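Worksheet for the structure shown next.
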Number of protein chains: 2
Amino acid sequence: MAQSKEIDVLVEEIIARVADRWTMVVLEALEERGTMRFTELSHEIPEISQKMLTKTVRQMERDGLVKRKVYAVIPPKVEYTLTDLGRGLSEAFCGVWIWAEKNHARIHEARKKFDAKGER
Amino acid sequence: MAQSKEIDVLVEEIIARVADRWTMVVLEALEERGTMRFTELSHEIPEISQKMLTKTVRQMERDGLVKRKVYAVIPPKVEYTLTDLGRGLSEAFCGVWIWAEKNHARIHEARKKFDAKGER
DNA sequence: CTGGATCCTTTTCGATACTG
DNA sequence: CAGTATCGAAAAGGATCCAG
């Protein structure tokens with residue numbers, strides 16, 4: 001049963017959005033540590049800029065992957081938690097993480113070989 | 001058993017590279033149809049430009065995900081095939097595709113809700 | 001047929017400064 | 001604390017032309 005082409009395009013768009021560099025890392029962090037505040041996230045992922053973190057969590061919220069809970073206190077407090085949808089994605093992506101952990105050495109090796117060839 | 005931080009960064013780099021928009025689509029195409037020529041790929045994925053396709057398959061070759069076989073004929077003939085590494089990734093990523101197929105409707109729904117809120 | 005090279009536009013991203 | 005706004009650098013991407 002062939003999927004329609006339109007569905008394919010929709011699915012591809014989801015993959016592209018969701019398989020984003022930072023989305024994956026934030027998803028992992030939230031999966032491992034549960035509910036987290038904005039600053040906790042940025043400490044957990046030092047490589048991300050504040051701007052990208054804001055953008056990423058907003059996008060994830062929009063896509064229904066995380067729940068954003070704002071406390072009306074001063075100073076502000078905002079907590080991020082994975083939704084069921086987000087946890088499902090995290091689980092689905094688990095296989096890719098495992099694959100990457102197992103094979104990153106092979107990839108780096110392949111790159112070295114490839115680059116060595118080109119230098120001749 | 002906590003993984004070292006350096007490994008994490010290596011793995012994240014792999015994820016980022018491999019979870020690229022076009023890499024995923026090319027991977028899928030090659031997994032489904034086996035060996036393919038350059039033009040076949042570009043026909044199978046009409047949305048990709050020639051430049052991006054070239055770049056993507058080069059990168060995948062460098063990372064050891066595809067094998068590139070050049071036939072010394074005129075006109076030129078180049079075939080692309082997944083390596084074991086590539087097939088492994090495709091398999092690992094399979095879970096994410098299934099998740100996306102199952103849940104794309106929920107995501108689009110979540111987006112609609114989110115956008116509706118913002119318009120007030 | 002399979003690209004490489006070039007030019008140009010668009011998008012992404014980081015750094016910085018500022019606010020409730 | 002948790003952002004928004006803005007600027008400029010850098011990267012991605014498309015279009016076109018050319019070559020082996």
Side-chain angles (χ1 to χ4, degrees), chain A residues 9 12-13 15-26 29-30 33 35-63 65-81 114-115 117-120, chain B residues 9 12-13 15-26 29-30 33 35-63 65-81 114-115 117-120:
Chain A
V9 172
E12 276 180 23
E13 191 271 336
I15 295 280
R17 157 89 39 263
V18 120
D20 164 74
R21 169 161 173 54
W22 295 124
T23 302
M24 289 294 85
V25 178
V26 171
L30 286 174
R33 327 242 315 204
T35 297
M36 289 177 86
R37 299 183 59 174
F38 187 86
T39 313
E40 285 184 282
L41 275 170
S42 67
H43 285 20
E44 180 73 16
I45 315 166
E47 320 91 81
I48 197 174
S49 69
Q50 176 261 31
K51 178 179 171 179
M52 278 301 104
L53 181 54
T54 300
K55 189 181 164 187
T56 302
V57 291
R58 276 289 171 290
Q59 207 160 66
M60 291 174 76
E61 187 196 1
R62 182 167 113 96
D63 290 349
L65 301 175
V66 305
K67 176 95 177 62
R68 178 164 173 270
K69 183 164 186 184
V70 183
Y71 294 87
V73 296
I74 294 175
K77 177 175 168 181
V78 180
E79 284 180 349
Y80 295 93
T81 316
F114 185 90
D115 294 346
K117 262 194 237 171
E119 273 156 19
R120 279 187 262 141
Chain B
V9 172
E12 276 179 25
E13 191 270 337
I15 296 279
R17 158 86 42 258
V18 123
D20 164 75
R21 169 156 174 58
W22 295 125
T23 302
M24 289 296 85
V25 179
V26 171
L30 285 174
R33 328 242 315 205
T35 297
M36 290 178 86
R37 298 183 60 173
F38 187 85
T39 313
E40 284 184 282
L41 274 170
S42 67
H43 283 21
E44 180 73 16
I45 314 166
E47 319 94 81
I48 196 173
S49 68
Q50 174 260 34
K51 179 180 171 179
M52 280 300 105
L53 181 54
T54 300
K55 189 180 163 186
T56 302
V57 291
R58 277 289 171 289
Q59 208 161 64
M60 291 173 77
E61 187 195 1
R62 181 167 114 95
D63 290 348
L65 300 175
V66 304
K67 176 97 177 63
R68 181 165 171 270
K69 183 162 183 183
V70 184
Y71 294 85
V73 296
I74 293 176
K77 177 176 169 183
V78 180
E79 284 180 349
Y80 295 93
T81 316
F114 185 91
D115 294 345
K117 261 194 240 171
E119 271 154 22
R120 280 186 267 142

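Every chain is numbered from 1, with letters handed out A, B, ... down the list of sequences. Just so it is clear, the values below take in all heavy atoms, side chains as well, and ignore hydrogens, waters and symmetry mates. Quick caveat: nothing in here was measured; it's all calculated off a predicted structure.
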Expressed in angstrom and rounded to an integer, what is the separation of [X] atom [atom1] from [N] atom [atom2]?
X       : N      : atom1 : atom2 : answer
B:Gln59 : C:dG4  : CD    : P     : 13 Å
A:Arg58 : C:dT12 : CZ    : P     : 17 Å
A:Lys55 : D:dA5  : NZ    : P     : 15 Å
B:Asp20 : D:dA11 : CG    : P     : 16 Å
A:Ile48 : C:dG14 : CD1   : C1'   : 12 Å
B:Glu47 : D:dG13 : CD    : P     : 13 Å
A:Leu53 : D:dC1  : CG    : P     : 14 Å
B:Met52 : C:dG3  : CE    : P     : 15 Å

What does B:Arg21 touch in the nucleic acid at a heavy-atom separation under 4.0 angstrom: a base, only the sugar-phosphate, or nothing?
->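 Counting heavy atoms under 4.0 Å across all strands, no contact is made by B:Arg21.
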Let me know, please, whether B:Thr54 or A:Lys51 comes out on the 5' side of the other along DNA chain C by nearest nucleotide.
->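 Comparing both residues, the 5'-ward one is B:Thr54.
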Toward the 5' end of DNA chain C, which comes first, B:Lys77 or A:Trp22, by nearest nucleotide?
-> B:Lys77
Establish, with yes or no, whether the OP1 or OP2 oxygen of D:dC1 is under 4.0 angstrom from a side-chain nitrogen or oxygen of A:Tyr80.
->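 No, outside the criterion.
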Would you say a side-chain N or O of A:Arg37 is under 4.0 Å from OP1 or OP2 of D:dA2?
-> yes
Where B:Arg37 and B:Tyr80 come nearest, the two heavy atoms and their spacing |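 Closest pair (atom of B:Arg37, atom of B:Tyr80, distance): C-CD1, 4.5 Å.
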Residues in residues 67-75 of chain A with a heavy atom under 4.0 Å of DNA chain D, by number, are A:Arg68, A:Pro75
Salt-bridge present (B:Glu61, B:Lys67; N to O < 4.0 Å) =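 So B:Glu61 does not pair with B:Lys67 through a salt bridge.
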Polar side-chain atom of B:Asp63 near backbone of B:Leu65 as donor-acceptor pair, under 3.5 Å |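 Absent.
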Does any non-hydrogen side-chain atom of [Y] lie less than 4.5 Å from one of [X]?
X       : Y       : value
A:Met60 : A:Arg58 : no
A:Val66 : A:Thr81 : no
B:Arg17 : B:Thr23 : no

Kindly say whether, by distance alone, the side chain of B:Gln50 makes a donor-acceptor pair under 3.5 Å with the base of D:dG13?
->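 No, no donor-acceptor pair under 3.5 Å.
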What's the verdict on side-chain contact (heavy atoms from CB on, under 4.5 Å) for A:Val78 and A:Lys69, showing C-alpha distance, side-chain angles and the deciding distance?
-> CA-CA 6 Å; A:Val78 180; A:Lys69 183 164 186 184; over 6 Å; no
